[in-house]
Amino acid sequence: VVSAVVPGRSARVARAWSVLQQVLDPEVPALSVCELGIVREVIDRGATLEIVVTPTYSGCPATEVIAQQIRQAIEASGLGPAQLRLQRAPAWTSDWISAEGQRKLREYGIAPPAGTCAEVAVSVGSIRRRSAPVTVPCPRCASSETTQLSAFGSTACKALYRCLACLEPFEYFKPI
Ligand SMILES: [Zn+2]
């Protein structure tokens with residue numbers, strides 16, 4: 001991102017990134033699009049700012065909402081018209097959620113993805129084990145005594161769990 005930019009332009013790009021830090025994910029309003037890791041690149045095209053976004057899940061209806069919010073935020077900050085480019089490869093993975101993003105997820109009452117897809121694929125190597133339930137610690141009391149109630153929560157991106165220690169249900173952001 002920083003390569004081959006003239007100083008004036010990199011300041012514009014840096015300002016765009018700080019604006020994007022304020023754009024919250026509509027599904028998980030605790031997380032910005034940067035913490036979610038979906039903003040891949042900001043490119044100064046002169047007349048426009050090109051924002052490269054990788055949607056979280058191809059079928060996630062939130063993508064259009066996020067795209068619109070990003071455009072509006074950039075334009076409202078006077079950084080010029082924003083042009084969004086959706087980049088679907090490489091696909092977004094929950095590994096891209098920043099450490100700060102994971103902390104905020106927990107505060108919001110959502111268990112962040114446990115492990116990564118890459119880890120799961122490498123460490124178990126069999127399809128049978130891969131679908132084995134993972135331990136999802138409760139975001140409220142950190143107990144590992146939790147059970148899955150439903151494979152789908154409020155969105156397809158999340159599963160519904162219940163903590164057996166504090167008895168609170170919570171959502172789990174599934175790793176992909
Ligand atoms: Zn609990």
Side-chain angles (χ1 to χ4, degrees), residues 1-2 13-42 51-70 72-74 77 84 86-87 90-124 130 132-176:
V1 183
V2 291
V13 168
R15 279 183 56 207
W17 277 106
S18 63
V19 168
L20 293 171
Q21 294 284 355
Q22 313 299 320
V23 177
L24 302 179
D25 174 58
E27 288 187 286
V28 190
L31 243 57
S32 79
V33 291
C34 297
E35 288 156 348
L36 195 57
I38 63 166
V39 179
R40 304 315 296 162
E41 213 175 341
V42 176
I51 319 285
V52 184
V53 169
T54 298
T56 49
Y57 293 78
S58 54
C60 232
T63 304
E64 192 42 51
V65 178
I66 293 175
Q68 204 178 342
Q69 288 182 346
I70 288 176
Q72 283 172 352
I74 294 291
S77 67
L84 252 85
L86 292 185
Q87 179 178 283
W92 179 86
T93 107
S94 42
D95 301 359
W96 294 359
I97 298 176
S98 70
E100 178 68 3
Q102 296 195 17
R103 190 186 62 76
K104 287 188 179 175
L105 271 181
R106 254 188 300 271
E107 272 178 11
Y108 194 69
I110 297 175
T116 66
C117 292
E119 273 171 24
V120 172
V122 168
S123 65
V124 295
R130 199 178 169 172
V134 290
T135 302
V136 178
C138 171
R140 292 187 179 83
C141 71
S143 166
S144 56
E145 297 296 309
T146 61
T147 184
Q148 190 185 77
L149 297 178
S150 164
F152 297 97
S154 60
T155 67
C157 318
K158 304 185 201 86
L160 194 61
Y161 273 71
R162 176 190 283 277
C163 175
L164 301 177
C166 70
L167 302 178
E168 286 292 327
F170 65 90
E171 287 194 307
Y172 169 52
F173 205 118
K174 292 186 272 190
I176 62 163

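All residue numbers refer to positions in the sequence shown, counting from 1. None of the values given here were measured: they were computed from a predicted structure. For the numbers below, each heavy atom of this structure counts, side chains included, while hydrogens, waters and symmetry mates do not.
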Value for CD (E145) from SG (C166), rounded to nearest 0.5 Å, stands at 12.0 Å
Would you say the side chain of P112 lies within less than 4.5 Å of the side chain of F173, judging by non-hydrogen atoms? no
Shortest non-hydrogen separation from Q87 to P55 and the atoms involved: O-CD, 4.0 Å
Can you see which heavy atom on P90 is nearest to which on T54, and at what distance? O-CG2, 3.7 Å
With side chain to side chain contact (heavy atoms under 4.5 Å, CB included) as the test, would you mind laying out the steps for Q148 and Y172 before giving the verdict? CA-CA 9 Å; Q148 190 185 77; Y172 169 52; 5.8 Å; no
What verdict does the side chain to side chain contact (heavy atoms under 4.5 Å, CB included) test give for D25 and I38, after you've listed the backbone C-alpha separation in whole Å, the side-chain angles of each residue and the deciding distance to 0.1 Å? CA-CA 10 Å; D25 174 58; I38 63 166; 5.8 Å; no
Compare all side-chain heavy atoms of S32 with those of L24 and state whether any distance is below 4.5 angstrom. yes
What pair of heavy atoms forms the shortest contact from A73 to V19, and how long is it? O-CG1, 3.6 Å
Can you tell me how far CD of Q69 sits from CD of E64, rounded to the nearest 0.5 angstrom? 10.5 Å
Any idea which heavy atoms bring S143 and C163 closest together, and the distance? CB-SG, 4.1 Å
Taking C-beta and beyond as the side chain, do I74 and V42 meet within less than 4.5 Å on heavy atoms? no
Can you find a heavy atom in the side chain of L160 that is under 4.5 Å from one in the side chain of E171? yes
Do F170 and T146 come within less than 4.5 Å of each other through their side chains, counting heavy atoms only? yes
Counting N and O atoms only, with roles assigned by atom type, does the side chain of W92 sit under 3.5 Å from a partner on the main chain of L36, one being a donor and the other an acceptor? yes
SB check R103 E100 (cutoff 4.0 Å): yes
Can you name the residues that form a salt bridge (charged side-chain N to carboxylate O under 4.0 Å, His left out) with E168, not counting sequence neighbours? none
F152 ring centre to K174 NZ or CZ under 6.0 Å, with the angle to the axis within 45°? yes
Would you mind reporting whether L31 and Y108 have side-chain heavy atoms less than 4.5 Å apart? no
Between SG of C141 and CG of L164, what distance do you get to the nearest 0.5 Å? 9.5 Å
Closest non-hydrogen atom pair between P175 and S94, with its separation: CA-OG, 2.9 Å
Report the residue from V33, L20, L84 that forms a side chain to side chain contact (heavy atoms under 4.5 Å, CB included) with V53. L84
Nearest-0.5 Å distance that lies between atom CD in E35 and atom CD in Q102: 11.0 Å
Partners passing side chain to side chain donor-acceptor pair (under 3.5 Å) against R162 (at least two apart in sequence or in another chain): none
Can you measure from CZ (R40) to CD1 (I51) and round to the nearest 0.5 angstrom? 13.5 Å
